[in-house]
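Beneath this line is the structure, given in structure tokens, with notes to follow.
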Amino acid sequence: MSGLRPLVPLLIAAGILLAGNGLMGTLIALRGVAEGFSPISIGIMGTAYFLGFVIGCLYIPRLLRSVGHIRAFAAMAALAATGTLLLVLIIDPYVWTAVRLLNGICFSSLFTIIESWLNSGAKNENRGRVLAIYRIIDIVAITGSQYIIPAVGVEGFTVFALTSMIITLSLVPVSIGDRSNPTPPAELRLDVSAVWQVSPLAMLGAITVGLTNGAFRMVGPVYADAVGYSVAEIVTFLNAGIIGGALMQYPLGALSDRWDRRYVILASTTAAAASTLAIFMLGAGGITGYALIFVFGSFAMPIYSLTAAHANDRATSGEYVQVAAGLILFYSTGAVVGPIAASLLMQIYGSGGLFAFIAAAYIIFILITLYRIGAGDAVPTERRGRFAALLRTSPIFIRMARRVANRENG
């Protein structure tokens with residue numbers, strides 16, 4: 001445990017940031033509905049966030065080289081906290097969209113800084129424990145922070161003030177903790193054609209997950225409000241999907257280590273599509289809604305990690321960094337499109353348009369997966385790496401998980 005002690009402040013800061021970011025996404029949607037914003041306006045805000053996320057991933061290495069980790073972290077946390085307060089001072093969809101773009105830049109930068117720091121500070125013998133703790137912090141922080149919203153209410157200044165305070169508090173452990181200044185991560189220089197050749201299925205899977213999970217995360221609260229859930233029920237509805245995904249990551253990953261990963265990807269996507277269609281046709285009220293969204297999350301959330309494992313199986317050692325960059329940027333591309341496309345369908349066809357969009361995306365990916373299974377041979381068992389459950393916070397997390405998998409494989 002002593003080897004983990006220097007990393008504790010960074011893990012605390014990560015938990016605070018994950019809580020603030022998770023809280024912000026739900027709050028924006030619910031307060032937007034309360035203010036009378038249209039679904040398409042809220043969808044555009046989601047698109048702006050993920051566009052900012054891409055910008056942050058691309059440019060934060062330059063800032064780290066210029067000013068170092070602590071100063072870069074302080075600057076981005078201050079901007080994110082200030083933007084949060086601006087949301088309640090100026091209730092306007094255009095201002096909110098600009099702030100969400102800024103939030104995307106800030107949070108992707110903050111997570112890149114934290115994960116770069118953790119990656120540098122963790123030793124080979126404790127890297128696996130660091131990742132496991134980080135994943136636990138992720139689930140607890142995101143699901144737990146959501147209940148601040150029903151506790152204090154969507155209306156008024158208080159919930160925005162608390163969110164801003166949470167983000168600001170992340171500065172404390174970083175400022176008084178580890179004073180090291182690790183080497184900044186390399187810039188993301190993506191060769192799209194080379195990454196595509198490694199695994200078209202994985203890259204299309206990343207886009208699909210971006211389309212569907214981005215839409216669910218940013219527009220899901222609008223759907224839940226439209227079908228009659230209270231604020232507390234909306235939070236529980238969203239958390240049911242997150243918890244389902246957390247619980248099923250490793251069982252599905254273990255299956256994919258033993259069998260052709262493409263068949264596990266196909267089965268998971270099919271189950272996600274079936275649950276989505278059930279929500280679309282039956283609605284999502286009461287206990288049935290919680291159960292269906294739990295099943296949806298159980299099979300939808302692990303698809304990204306499964307496709308990443310498949311891509312790494314097909315990559316050579318010199319291609320792992322490119323694969324990590326490709327996955328996060330293909331995911332972000334899908335996430336830029338998903339919220340606005342889903343919200344447009346909701347505005348035209350009603351609340352069910354969200355899950356009609358998600359189901360359509362999964363069905364297309366099912367057909368693509370079937371085609372890829374027929375077009376090529378499976379990766380031999382001896383070439384397969386160990387499955388790793390991935391967060392989509394920054395490309396650094398994928399590289400950390402890859403190093404752990406390489407060590408476990410000997």
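In this text the structure is predicted, and so the values were computed from the model without any measurement. Numbering starts at 1 and runs along the sequence shown.
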TODO: Just do the side chain to side chain contact (heavy atoms under 4.5 Å, CB included) check on Val264 and His310 with the steps written out, would you?
DONE: CA-CA 10 Å; Val264 180; His310 176 67; over 6 Å; no

So which heavy atom on [X] is nearest to which on [Y], and how close?
X      : Y      : result
Phe107 : Gly20  : CZ-C, 4.5 Å
Leu252 : Ser298 : CD1-O, 3.9 Å
Gly156 : Phe160 : O-CD1, 3.8 Å

When rounded to the nearest 0.5 angstrom, what is the spacing between [atom1] in [X] and [atom2] in [Y]?
X      : Y      : atom1 : atom2 : result
Met45  : Asn103 : CE    : CG    : 11.5 Å
Leu101 : Leu51  : CG    : CG    : 5.5 Å
Leu18  : Ile166 : CG    : CD1   : 11.5 Å
Ser164 : Met24  : OG    : CE    : 8.0 Å
Tyr134 : Leu11  : OH    : CG    : 8.5 Å
Met346 : Ser351 : CE    : OG    : 6.0 Å

TODO: Starting from the C-alpha separation in whole Å, work towards a yes-or-no answer on ring pair (Phe, Tyr, Trp, His ring centres under 6.0 Å) for Tyr304 and Tyr331.
DONE: CA-CA 9 Å; Tyr304 181 82; Tyr331 164 80; 5.7 Å; yes

Any donor-acceptor N/O pair, [X] side chain to [Y] backbone, under 3.5 Å:
X      : Y      : value
Arg262 : Arg372 : yes
Thr112 : Cys57  : no
Ser275 : Ala272 : yes
Ser145 : Ala19  : yes
Ser268 : Phe299 : yes

- [ ] Please identify each residue that fulfils side-chain hydrogen bond (donor to acceptor under 3.5 Å, both in side chains) with Ser41, with sequence neighbours left out.
- [x] Ser38

Open item on the list: I'd like to know whether Leu63 forms a side chain to side chain contact (heavy atoms under 4.5 Å, CB included) with Met76, so could you lay out the CA-CA distance, the side-chain angles of the two residues, the decisive distance to 0.1 Å, and finally the verdict.
Closed with: CA-CA 11 Å; Leu63 182 62; Met76 291 298 157; 3.6 Å; yes

Task: Donor on one side chain, acceptor on other, Tyr147 and Thr236, under 3.5 Å - done: yes

Min side-chain heavy-atom separation [X]-[Y] under 4.5 Å:
X      : Y      : value
Asp260 : Ile373 : no
Thr369 : Tyr263 : no
Leu238 : Phe216 : yes
Ile234 : Leu30  : yes
Thr307 : Leu201 : no
Trp96  : Arg31  : yes
Phe50  : Val54  : no

Open item on the list: For residues 196-218, which residue pairs pass the side chain to side chain donor-acceptor pair (under 3.5 Å) check, not counting sequence neighbours?
Closed with: Thr212-Tyr362

Task: Over 12 foreign heavy atoms within 6.0 Å of CZ, Phe280 - done: no

Open item on the list: A quick test of your reading: do over 12 heavy atoms of other residues, nucleotides or ligands sit less than 6.0 Å from CD1 of Ile287?
Closed with: no

- [ ] Assign the ring pair Phe237 / Tyr290 to parallel, tilted or perpendicular, where the plane angle (0 to 90°) is split at 30° and 60°.
- [x] tilted

Open item on the list: Here's a test for you: under side chain to side chain contact (heavy atoms under 4.5 Å, CB included), which of Ile293, Thr288, Val227 qualifies with Ile279?
Closed with: Ile293

Open item on the list: Can you confirm whether or not the ring centre of Phe355 sits under 6.0 Å from the ring centre of Tyr223?
Closed with: yes

TODO: Taking the six-membered ring for Trp and the single ring otherwise, decide whether the centroids of Trp117 and Phe73 are under 6.0 Å apart.
DONE: no

Open item on the list: Set out, in order, the CA-CA distance, both residues' side-chain angles and the distance that settles side chain to side chain contact (heavy atoms under 4.5 Å, CB included) for Phe37 and Val222, then state yes or no.
Closed with: CA-CA 10 Å; Phe37 295 169; Val222 180; over 6 Å; no

- [ ] Could you please spell out the steps behind the side chain to side chain contact (heavy atoms under 4.5 Å, CB included) verdict for Ile114 and His69?
- [x] CA-CA 8 Å; Ile114 286 287; His69 283 63; over 6 Å; no

